[in-house]
Amino acid sequence: MILMIGCLSVTGQTKGVSGKNGTYMLQCGDMEMVVDGNIGARVVSVKLNGTEILGSKELHPNSYGSTLWLGPQGKWSGHKVLDASAYDLESYYNRNLRLKSMNDSLNGFTISKQFSLIPSDSSIAIEYKITNILEETQEVSPWEVTRVPTGGLAFFPKGFPNDTPSGHKGLPYLKIKDSLGIIWYPYDSSTDSREKLFMDGSEGWLAYARNGTLFIKKFPIIDPSEAAPGEKNVEIYANKEKTYLELENQGRYQILSPGNSLYYEVVWYARQLPPDLKLNPGNKALVDFVREVVGKRL
């Protein structure tokens with residue numbers, strides 16, 4: 001099966017979506033995304049001009065690409081059906097591709113993922129839909145987990161001036177720098193422990209710069225009171241071997257009645273960085289570049 005959905009690149013070349021054997025390629029501008037419908041409709045690759053941005057299966061056999069989990073952490077006993085089983089093709093039309101999971105009888109949910117090409121700014125929007133399939137009320141938050149190779153610079157705007165990051169369940173938190181109201185995490189291989197930080201982020205974006213490319217996730221802002229118990233809306237995790245990072249964003253913790261759904265939309269951008277733009281923590285020009293891309297001109 002081959003699907004084609006048009007999207008103009010910056011050069012005027014028509015690009016779009018193609019699919020075969022449950023794997024789909026989306027192209028918009030110079031950005032290319034691959035979604036594997038056989039493994040949780042997981043985003044397994046994002047490339048900009050041929051340069052890979054996401055962490056591949058070679059870095060970790062299970063923790064690779066980008067997926068959606070159910071928040072908060074620890075409340076749900078496994079995500080295999082939603083995270084690693086096959087999704088069915090639900091629909092495709094215009095510039096949209098939609099895939100749906102099987103019913104997860106263990107956790108009581110189904111997930112649909114819609115990928116939409118946005119030619120106006122060469123981005124790709126992902127809308128997640130989580131539906132309660134039980135005959136009882138459930139509480140849940142959407143939790144997007146995106147793995148990238150280490151060696152770059154992660155950064156995001158913090159929610160409040162006096163905020164400091166927190167760790168999780170005894171794990172040390174990442175060695176960050178706090179400058180310009182931005183939390184910066186430059187690559188650090190000095191420890192042999194897993195590390196994580198939780199924080200309330202403002203402006204609704206999380207960025208990662210590496211190998212001359214800039215990857216940005218834009219997501220809805222939530223009030224700290226709306227976060228899932230024990231969670232924040234921005235999290236960064238580094239595995240013990242320091243081969244990959246998880247760039248994580250969570251949405252509002254919601255009560256779902258039987259049959260009801262929640263929706264969570266994020267927008268992904270990939271941009272080539274100017275060669276003279278230094279990847280240094282505290283570089284205002286780098287923050288301004290991100291804000292220009294996502295429309296947060298402060």
Student: In this structure, are over 12 heavy atoms from other groups packed under 6.0 Å from Leu106 atom CG?
Tutor: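 Count over threshold, so yes.
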Student: Validate the cation-pi geometry between Arg42 and Tyr64: distance from NZ or CZ to the six-membered ring centre under 6.0 Å, angle to the ring axis within 45°.
Tutor: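 The answer is yes, since Arg42 meets both limits relative to Tyr64.
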Student: Judged by atom type as modelled, is there a donor-acceptor pair below 3.5 Å linking the side chain of Ser101 to the main-chain atoms of Ile111?
Tutor: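 Indeed, once roles are kept as given, a pair shorter than 3.5 Å links the two residues.
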Student: Can you measure from OG1 (Thr51) to CG (Asp30) and round to the nearest 0.5 angstrom?
Tutor: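 That separation rounds to 11.0 Å.
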Student: Roughly how far, to the nearest 0.5 Å, is CG of Leu68 from CD1 of Ile126?
Tutor: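 Spacing of CD1 (Ile126) from CG (Leu68) equals 9.5 Å.
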Student: Verify side chain to side chain contact (heavy atoms under 4.5 Å, CB included) between Leu247 and Lys217, making sure each step is shown before the conclusion.
Tutor: CA-CA 9 Å; Leu247 308 177; Lys217 301 203 295 177; 4.2 Å; yes
Student: Taking the ring centre of each residue, are Trp205 and Phe156 less than 6.0 Å apart?
Tutor: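 No, the ring of Trp205 stays outside the 6.0 Å limit from the ring of Phe156, centre to centre.
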Student: Using every non-hydrogen atom in the two residues, find where Ser141 and Gly251 come nearest and quote the distance to one decimal.
Tutor: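 Closest pair (atom of Ser141, atom of Gly251, distance): CB-O, 3.7 Å.
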Student: Taking the side chain as every heavy atom from C-beta outward, state whether Asn132 and Ser257 have any pair of such atoms under 4.5 Å apart.
Tutor: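 No; the side chains remain at least 4.5 Å from each other.
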Student: Short question: side chain of Lys242, backbone of Ser189 - any donor-acceptor pair under 3.5 Å?
Tutor: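 No: the side chain of Lys242 does not pair with the backbone of Ser189.
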Student: Any link between Ile216 and Ile182 through a network of hydrophobic side chains (Ile, Leu, Val, Met, Phe, Trp, Tyr) touching at under 4.5 Å?
Tutor: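 Hydrophobic grouping puts Ile216 with Ile182.
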Student: Do the side chains of Val43 and Val34 get nearer than 4.5 Å, heavy atoms only?
Tutor: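 No, their side chains stay 4.5 Å or more apart.
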Student: Just wondering, do Phe109 and Leu70 contact through their side chains at under 4.5 Å, heavy atoms?
Tutor: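 They are in contact (side-chain heavy atoms under 4.5 Å apart), so the answer is yes.
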Student: Tell me whether Val294 is reachable from Leu180 by hopping between hydrophobic residues (I, L, V, M, F, W, Y) whose side-chain heavy atoms are closer than 4.5 Å.
Tutor: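 In one cluster with Leu180: Val294, yes.
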Student: What heavy-atom pair brings Leu99 and Tyr24 nearest, and what distance separates the two atoms?
Tutor: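 Looking at all heavy atoms of both residues, the closest pair is CD2-CE1, 3.8 Å.
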Student: With sequence neighbours excluded, tell me which residues meet side-chain hydrogen bond (donor to acceptor under 3.5 Å, both in side chains) with Asp88.
Tutor: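 Checked Asp88 against side-chain hydrogen bond (donor to acceptor under 3.5 Å, both in side chains); zero matches.
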Student: Using atom types as modelled and distance alone, determine if a side-chain donor or acceptor of Asn103 lies under 3.5 Å from a backbone N or O of Ser105.
Tutor: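 Judged by distance alone, no pair lies under 3.5 Å.
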Student: So, for Pro224 and Phe160, which heavy atoms are closest and what is the spacing to 0.1 Å?
Tutor: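 Heavy-atom minimum between the residues: CG-CE1, 3.7 Å.
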Student: Measure the spacing between CZ of Arg252 and CD of Glu226 and express it to the nearest 0.5 Å.
Tutor: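 Rounded to the nearest 0.5 Å, the CZ-CD separation comes to 5.5 Å.
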Student: Quick check against the 3.5 Å criterion: does Glu231 have a side-chain atom that pairs as donor or acceptor with the backbone of Gln73?
Tutor: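 Confirmed, Glu231 side chain pairs with Gln73 backbone.
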Student: To the nearest 0.5 Å, how far apart are CD in Glu246 and OH in Tyr237?
Tutor: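 Going from CD on Glu246 over to OH on Tyr237, the span is 6.5 Å.
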Student: Determine, step by step, whether Asn249 and Asn233 satisfy the side chain to side chain contact (heavy atoms under 4.5 Å, CB included) criterion, reporting the C-alpha distance in whole Å, the side-chain angles of both residues, the deciding distance to 0.1 Å, and the verdict.
Tutor: CA-CA 5 Å; Asn249 43 284; Asn233 74 332; over 6 Å; no
Student: Would you call Lys196-Glu248 a salt bridge at under 4.0 Å N-O?
Tutor: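 Between Glu248 and Lys196 there is a salt bridge, with a charged N closer than 4.0 Å to a carboxylate O.
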Student: Strictly distance-based, threshold 3.5 Å: is any side-chain N or O of Glu52 a donor or acceptor partner for the main-chain N or O of Val46?
Tutor: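 Looks like yes, one N/O pair under 3.5 Å.
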Student: Evaluate the ring planes of Tyr264 and Tyr128, with Trp represented by its six-membered ring, and classify them as parallel (under 30°), tilted (30 to 60°) or perpendicular (over 60°).
Tutor: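 Tyr264 and Tyr128: parallel rings.
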Student: Side-chain contact, heavy-atom cut-off 4.5 Å: Gln272 with Asn49?
Tutor: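 Touching, per the 4.5 Å side-chain cut-off.
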Student: Indicate whether the side chain of Gln254 and that of Glu139 have a donor and an acceptor atom separated by less than 3.5 Å.
Tutor: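 Their side chains do not contain a donor-acceptor pair, so the 3.5 Å distance test is not met.
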Student: Indicate yes or no: at least one non-hydrogen side-chain atom of Thr110 is less than 4.5 angstrom from one of Met102.
Tutor: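 No, their side chains stay 4.5 Å or more apart.
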Student: For residues Asp223 and Ser225, is any side-chain donor paired with an opposing acceptor at under 3.5 Å?
Tutor: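 Note: Asp223 and Ser225 side chains meet the donor-acceptor criterion.
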Student: Is the backbone N or O of Pro149 less than 3.5 Å from a side-chain atom of Tyr208, with the two atoms forming a donor-acceptor pair by type?
Tutor: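 Yes: the side chain of Tyr208 pairs with the backbone of Pro149.
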Student: Hey, mind stepping through Val290 and Phe155 against side chain to side chain contact (heavy atoms under 4.5 Å, CB included) and telling me if it holds?
Tutor: CA-CA 10 Å; Val290 173; Phe155 57 105; 3.7 Å; yes
Student: Any chance you could measure Gln138, atom CD, to Thr131, atom OG1, to the nearest 0.5 Å?
Tutor: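 Rounded to the nearest 0.5 Å, the CD-OG1 separation comes to 11.5 Å.
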Student: I'd like to know if the side chain of Glu265 and the backbone of Ala125 have a donor-acceptor N/O pair within less than 3.5 Å.
Tutor: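 Such a contact is absent between Glu265 side chain and Ala125 backbone.
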Student: Output, in order, the C-alpha distance, side-chain angles, deciding distance and verdict of side-chain hydrogen bond (donor to acceptor under 3.5 Å, both in side chains) for Lys240 and Ser193.
Tutor: CA-CA 5 Å; Lys240 181 179 179 180; Ser193 170; over 6 Å; no
Student: Checking the side chain of Asn283 only, and the main-chain atoms of Val287 only, is there a donor and an acceptor separated by less than 3.5 Å?
Tutor: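 Side chain of Asn283 to backbone of Val287, a donor-acceptor pair under 3.5 Å: no, none is there.
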Student: Does the pair Asn211 and Thr213 meet the rule for a side-chain hydrogen bond (donor to acceptor under 3.5 Å, both in side chains), with working shown?
Tutor: CA-CA 6 Å; Asn211 287 348; Thr213 63; over 6 Å; no
Student: Looking only at atom types and distance, does a side-chain atom of Asp178 sit under 3.5 Å from a main-chain N or O of Ile183, one as donor and one as acceptor?
Tutor: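 No, because the side chain of Asp178 does not come within donor-acceptor range (under 3.5 Å) of the backbone of Ile183.
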Student: In the structure I gave you, are the side-chain heavy atoms of Glu32 and Met25 within less than 4.5 Å of one another anywhere?
Tutor: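 Sidechains of Met25 and Glu32: in contact.
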Student: Linking I/L/V/M/F/W/Y whenever their side-chain heavy atoms sit closer than 4.5 Å, directly or via other members, would Trp268 and Val145 fall into one cluster?
Tutor: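 Hydrophobic grouping puts Trp268 apart from Val145.
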Student: Which atoms form the tightest heavy-atom contact between Ala41 and Val35, and what is the distance?
Tutor: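 That closest heavy-atom pairing would be O-CG1, 3.7 Å.
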Student: Met31 and Leu48: which non-hydrogen atoms are nearest, and at how many Å?
Tutor: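 Scanning both residues, the minimum pair turns out to be N-CD1, 4.3 Å.
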Student: Shared ILVMFWY cluster between Ile222 and Tyr253, side chains joined below 4.5 angstrom?
Tutor: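 No; tracing contacts between hydrophobic side chains, which count when under 4.5 Å, never links both residues.
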Student: Hey, which of Asp83, Ile133, Val81 is the one that makes side chain to side chain contact (heavy atoms under 4.5 Å, CB included) with Asp104?
Tutor: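 Result: among Asp83, Ile133, Val81, Val81 is the only option passing the side chain to side chain contact (heavy atoms under 4.5 Å, CB included) with Asp104.
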Student: Is it the case that Lys113 places NZ or CZ above or below the six-membered ring of Tyr87, under 6.0 angstrom from the centre and within 45 degrees of the axis?
Tutor: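 Verdict for Tyr87: a cation-pi partner in Lys113.
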Student: Where do Lys218 and Glu203 land on the side chain to side chain contact (heavy atoms under 4.5 Å, CB included) test, with the steps shown first?
Tutor: CA-CA 9 Å; Lys218 182 180 178 181; Glu203 299 184 34; over 6 Å; no
Student: Anything under 30° is parallel, anything over 60° is perpendicular, the rest tilted; go ahead and classify His79 against Trp69.
Tutor: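 Ring orientation, 0 to 90° scale: parallel.
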Student: Can you find a pair of side-chain heavy atoms, one from Leu286 and one from Leu279, that are under 4.5 Å apart?
Tutor: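 The answer is yes, as the side chains (C-beta and beyond) meet within the 4.5 Å cut-off.
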Student: Is it true that Met33 and Leu97 fall in one hydrophobic cluster, defined by side-chain heavy atoms closer than 4.5 Å?
Tutor: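 Met33 and Leu97: one cluster.
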Student: For the CG atom of Leu153 and the CH2 atom of Trp184, what is their distance to the nearest 0.5 Å?
Tutor: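 One gets 6.0 Å once the value is rounded to the nearest 0.5 Å.
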Student: Does any non-hydrogen side-chain atom of Val293 lie less than 4.5 Å from one of Arg291?
Tutor: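 Answer no - side chains too far apart.
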Student: So, Lys158 and Asp163, do they make that salt bridge, N to O below 4.0 Å?
Tutor: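 Looking at Lys158 and Asp163, the cut-off is not met.
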Student: Using atom types as modelled and distance alone, determine if a side-chain donor or acceptor of Asn239 lies under 3.5 Å from a backbone N or O of Thr243.
Tutor: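 Yes.
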Student: Would Ser190 and Lys175 count as having a side-chain donor-acceptor pair, cut-off 3.5 Å?
Tutor: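 Yes.
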Student: Restricting to non-hydrogen atoms, name the atom on Leu277 and the atom on Ala285 that form the minimum distance, rounded to 0.1 Å.
Tutor: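 It is CD1-CB, 3.5 Å.
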